[in-house]
Amino acid sequence: DCGRCSDQCPANTVKRPLSPRFISIKARDLIFKSYPVWGQPQESPALIGGIYTEDEIWSCTTCGACEEECPLAIEYIDKIVDLRRGLVDEGMVPQSLQKPLSALEKRGNPYGKTAKQRGKWIEDEEFAEAVPVKLIKPGDTVSSLFFVDSVGSYDDRIIEINRKAAQLLHHLGKDFGILGEHEKDAGNEIRRFGEEMLFQEIKEHNTEAILGAEPQEIVTTDPHAFNALRHDYSGLPPVRHISQILAEGLDKGKFSLRALEESGKVYTYHDPCYLGRHNELYEEPRRLLDAIPGMKRVEMEKHKDRSFCCSGGGLALFYDPEEETRMGVLRVNMARAAGADVLVTACPFCLINMEDAVKIAGLENELQIVDLTELFAGQVEMSPAGAAV
């Protein structure tokens with residue numbers, strides 16, 4: 001009844017038809033009405049169409065803000081995901097999500113691209129000469145498996161970030177490679193959008209491909225893949241986000257960092273939901289930023305465990321909900337209110353969504369959006385061959 005969950009819910013903030021508080025209250029009232037203390041049980045209406053609407057259930061971004069805030073540890077995400085599974089079973093999937101889900105089923109990615117294109121990003125002549133990335137084939141083994149995921153395989157903007165990540169892994173002396181066409185989407189959003197059977201199929205495929213390479217660790221730049229591989233899969237080697245790898249290298253003195261060219265700019269860091277709240281990785285990205293000479297960093301009002309969702313996660317990029325303002329627009333405005341000139345994030349979906357939000361908010365000349373890995377790599381002293389000095 002306190003409503004703290006709804007106060008922190010980004011979907012509720014932008015006036016989507018969702019209030020976590022009423023997810024609980026509606027269910028409680030239905031139970032009391034259907035199963036009264038005195039008298040006979042009453043016929044209970046269907047949950048969807050009875051007490052909840054379809055838009056209400058699809059409006060959740062699974063960011064976890066409500067659960068983080070609740071003093072009684074009430075859980076919402078599992079309930080909403082279960083309701084979505086019921087909707088999927090009944091064929092009640094929003095029109096905008098039908099195409100990416102179908103593409104995932106047929107080709108293992110929401111873009112409908114061919115599997116052979118997954119590893120094309122390492123074939124750029126200049127990049128390949130500087131950074132040899134092993135394309136793992138059946139029978140090959142590597143110490144570190146770089147799990148690229150779908151957005152990093154097909155989106156040109158994110159591909160450039162993964163090239164920087166590969167460059168840094170190479171400079172750290174990692175024996176690493178990618179699965180290429182043998183990799184499918186990690187499935188974080190597939191599961192949270194209710195397609196459980198499809199998720200299980202993709203998980204089984206990826207698990208076999210990963211274990212076949214016998215890696216000692218899995219590295220990814222995508223918090224959504226990081227979350228799925230870490231929590232939804234089983235029997236895998238340790239899964240690490242790129243920020244953890246870089247922070248470890250920083251501690252071992254592996255990096256020589258040059259100062260920022262534009263020393264007057266102020267930076268702020270946006271905590272991605274699936275890196276922060278869901279996996280509690282808050283300090284590593286900040287340590288990387290603060291290690292750069294000339295860095296001036298401020299915190300936004302909503303940060304760390306109270307970070308504000310950008311609404312760009314995975315399949316949410318394909319979903320067009322009813323809302324008054326885009327979450328990403330509110331987030332970039334928060335960065336400007338904190339006095340930041342540059343907003344840094346460590347998630348490809350946050351980057352894509354907030355680059356769009358900057359344009360919508362009219363802040364193109366006032367706020368720059370950058371990726372943590374890209375920014376850090378740009379400050380590392382590199383030799384002509386591509387290895388760090």
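Sequence positions, counted from 1, serve as the residue numbers for this chain.
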Taking the side chain as C-beta and beyond, is there a heavy-atom pair between Arg297 and Asp290 under 4.5 Å?
yes
Ignoring hydrogens and angles, write down the donor-acceptor pairs under 3.5 Å from the side chains of residues 305-319, residues two or more places apart or on other chains.
{"unit_1": "Arg306", "atom_1": "NE", "unit_2": "Glu69", "atom_2": "OE1", "d": "3.2"}
{"unit_1": "Arg306", "atom_1": "NH2", "unit_2": "Glu69", "atom_2": "OE1", "d": "3.3"}
{"unit_1": "Arg306", "atom_1": "NH2", "unit_2": "Glu69", "atom_2": "OE2", "d": "2.8"}
{"unit_1": "Ser307", "atom_1": "OG", "unit_2": "Asp271", "atom_2": "O", "d": "2.8"}
{"unit_1": "Ser307", "atom_1": "OG", "unit_2": "Arg331", "atom_2": "NH2", "d": "3.1"}
{"unit_1": "Ser311", "atom_1": "OG", "unit_2": "Arg16", "atom_2": "NH2", "d": "2.8"}

Can you classify the ring geometry of Tyr274 versus His224 as parallel (below 30°), tilted (30 to 60°) or perpendicular (above 60°)?
tilted
Parallel under 30°, tilted from 30 to 60°, perpendicular over 60°: which one fits the rings of Phe199 and Tyr233?
perpendicular
Is Lys26 atom NZ crowded by more than 12 heavy atoms from other residues, nucleotides or ligands, each under 6.0 Å away?
yes
Within the structure provided, determine whether Arg191 and Arg85 are in side-chain contact (heavy-atom separation under 4.5 Å).
yes
How long is the span from the NZ atom in Lys265 to the CG atom in Asp341, to the nearest 0.5 Å?
6.5 Å
Decide if atom CZ of Arg4 counts as having more than 12 heavy atoms of other residues, nucleotides or ligands within a radius under 6.0 Å.
no
Rounded distance (nearest 0.5 Å) linking atom OH of Tyr52 with atom CD1 of Ile23:
5.0 Å
Could you tabulate the donor-acceptor pairs under 3.5 Å formed by side-chain atoms of residues 31-51, not counting sequence neighbours?
{"unit_1": "Ser34", "atom_1": "OG", "unit_2": "Leu30", "atom_2": "O", "d": "2.9"}
{"unit_1": "Gln42", "atom_1": "NE2", "unit_2": "Gln40", "atom_2": "O", "d": "2.9"}

Are Arg240 and Glu217 close enough for a salt bridge, meaning some N to O gap below 4.0 Å?
yes
To the nearest 0.5 Å, what is the distance between CG on Leu236 and CD1 on Ile218?
4.5 Å
